[in-house]
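These notes are about the structure you will find just below.
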Amino acid sequence: MNIPFVDLASQYNSIQSEINGAISNVISETAFIGGKYAGIFEKEFAKYLNINHVVSCANGTDSLELLLKAYNIGNGDEVIVPANSWISTSECISSVGAKVVFVDTHPQSYTIDVSQIEKNITPKTKAIIPVHLYGCPADMDEIMRIASKHELLVIEDCAQAHGAIYKGKIVGTIGHAASFSFYPGKNLGAYGDAGCVTTNDENISFKVRMIANHGSLKKHEHIMEGRNSRMDGIQAAILSAKLPHLKKWTEARIQNAAIYTSFLEKSGLQLPLIPEGYQHVFHLYVVQVNNRLDVQQKLKAAGIETGIHYPTALPLLKAYQHLGHVPSDFPVAFSQMDRVLSLPMYAELTEQQIKFVVDELTKCLN
Ligand SMILES: *Cc1c(COP(=O)(O)O)cnc(C)c1O
């Protein structure tokens with residue numbers, strides 16, 4: 001059996017005519033940048049989240065940066081982020097000239113350890129960017145409580161968590177604003193780069209829209225300097241074609257995760273935790289193993305592709321060596337980075353495939 005880590009082709013095959021129709025409409029109308037199709041998708045995604053404003057942009061990294069700019073976060077400011085994430089979460093902070101402050105990972109949930117946020121707050125702290133990592137919501141009640149006590153902004157990084165629910169609230173609607181990525185491999189993915197900002201704050205949505213379009217909302221009227229970060233019409237139309245399927249795909253991911261968990265329950269591996277009241281949407285199904293390299297090679301030999309999210313905790317990347325962090329600053333993130341292993345996960349995965357992955361993984365453990 002051959003089991004890829006992600007399988008975008010099988011999803012495309014299931015909705016081929018819808019996708020092809022969407023792309024051909026954009027081409028025949030030459031609605032290539034922003035405009036009609038981006039506007040339609042923004043309205044549909046706003047309805048899906050039940051939020052007032054969605055502003056489309058070029059990718060998820062930009063959506064974070066656009067938000068920091070819209071909130072006037074920059075030189076002299078500090079922003080708190082989790083030590084384990086994709087680099088975009090911290091990169092956006094340096095991009096606007098602010099300082100990145102890392103906080104260690106919670107040992108079971110893999111999201112930011114909320115018990116360690118307050119000791120990292122200084123008079124310069126302006127915002128917290130929690131990440132709903134792997135599809136598991138961060139502990140938003142506690143984060144919002146700390147933020148309100150210290151008058152900080154909360155920008156949710158929802159790149160891995162479309163449709164995840166925290167105590168009855170869908171992520172992307174809990175903080176002051178949120179960022180989504182529609183990178184092809186995400187739970188809702190375009191066929192190229194795309195992203196968006198979500199917020200109930202009209203002023204912020206207005207600013208983000210302006211910054212993302214050269215400081216302009218009307219042709220040739222540039223109120224300020226901005227930049228170019230718009231969503232392609234083709235990507236927007238593809239996202240509109242895919243959005244009606246998201247609920248079903250999310251349910252399938254959750255179901256597949258439950259199958260993994262039931263098969264692996266007695267393996268002794270640390271399995272993903274789903275805290276009470278959370279809907280984890282399993283962008284990734286992550287376990288922890290000893291001898292990860294060996295396990296990955298054996299699985300590969302059996303035809304199973306796996307991933308690592310992430311091999312190096314952000315503060316220990318070369319990109320952040322100027323901050324002078326050492327592994328003991330982030331003991332949990334450091335201990336997990338050599339152990340985490342992401343198993344194949346997508347809606348189209350069959351029970352038979354999951355069984356095969358589990359059987360081969362179990363062989364590696366014995
Ligand atoms: C994918 C991702 C992003 C960035 O998205 P792009 O669209 O690739 O720029 C940001 N944060 C996290 C946690 C991600 O996984």
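Ligands are counted one by one from 1 in listed order, and the atoms in each one are counted from 1 as well. Heavy-atom basis, side chains included; hydrogens, waters and symmetry copies ignored.
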Short side-chain donor-acceptor distance under 3.5 Å, [Y] and [X]:
X    : Y    : value
Q336 : T105 : no
T89  : D157 : yes
H245 : K248 : yes

Is there a polar contact between ligand 1 and [X], counting only N or O atoms under 3.5 Å apart?
X    : answer
G60  : yes
S181 : yes
W86  : no
S85  : no

Between K298 and D294, is there a side-chain N and carboxylate O pair less than 4.0 Å apart?
->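 A salt bridge links K298 with D294.
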When you measure from [atom] to every protein heavy atom, which one gives the shortest distance, and what is it?
atom                    : answer
atom 10 (C) of ligand 1 : S88 CB, 3.4 Å
atom 11 (N) of ligand 1 : D157 OD2, 2.8 Å
atom 12 (C) of ligand 1 : A159 CB, 3.4 Å
atom 15 (O) of ligand 1 : Q160 NE2, 2.9 Å
atom 1 (C) of ligand 1  : K186 NZ, 1.5 Å

Region of T61 that comes within reach of ligand 1 [heavy atoms, distance under 4.0 Å] =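 Both backbone and side chain.
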Ligand 1 versus T89, non-hydrogen atoms closer than 4.0 Å: side chain, backbone, both, neither?
-> side chain
Using a 3.5 Å distance criterion without hydrogens, assess whether the side chain of [X] forms a donor-acceptor pair with backbone atoms of [Y].
X    : Y    : value
K207 : Y71  : no
Q235 : Y191 : yes
T199 : H176 : yes
R209 : V55  : no

Find all atoms of ligand 1 within a distance of less than 4.0 Å from any non-hydrogen atom belonging to V131, and give their numbers and elements.
->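 Per the distance check, 13 (C).
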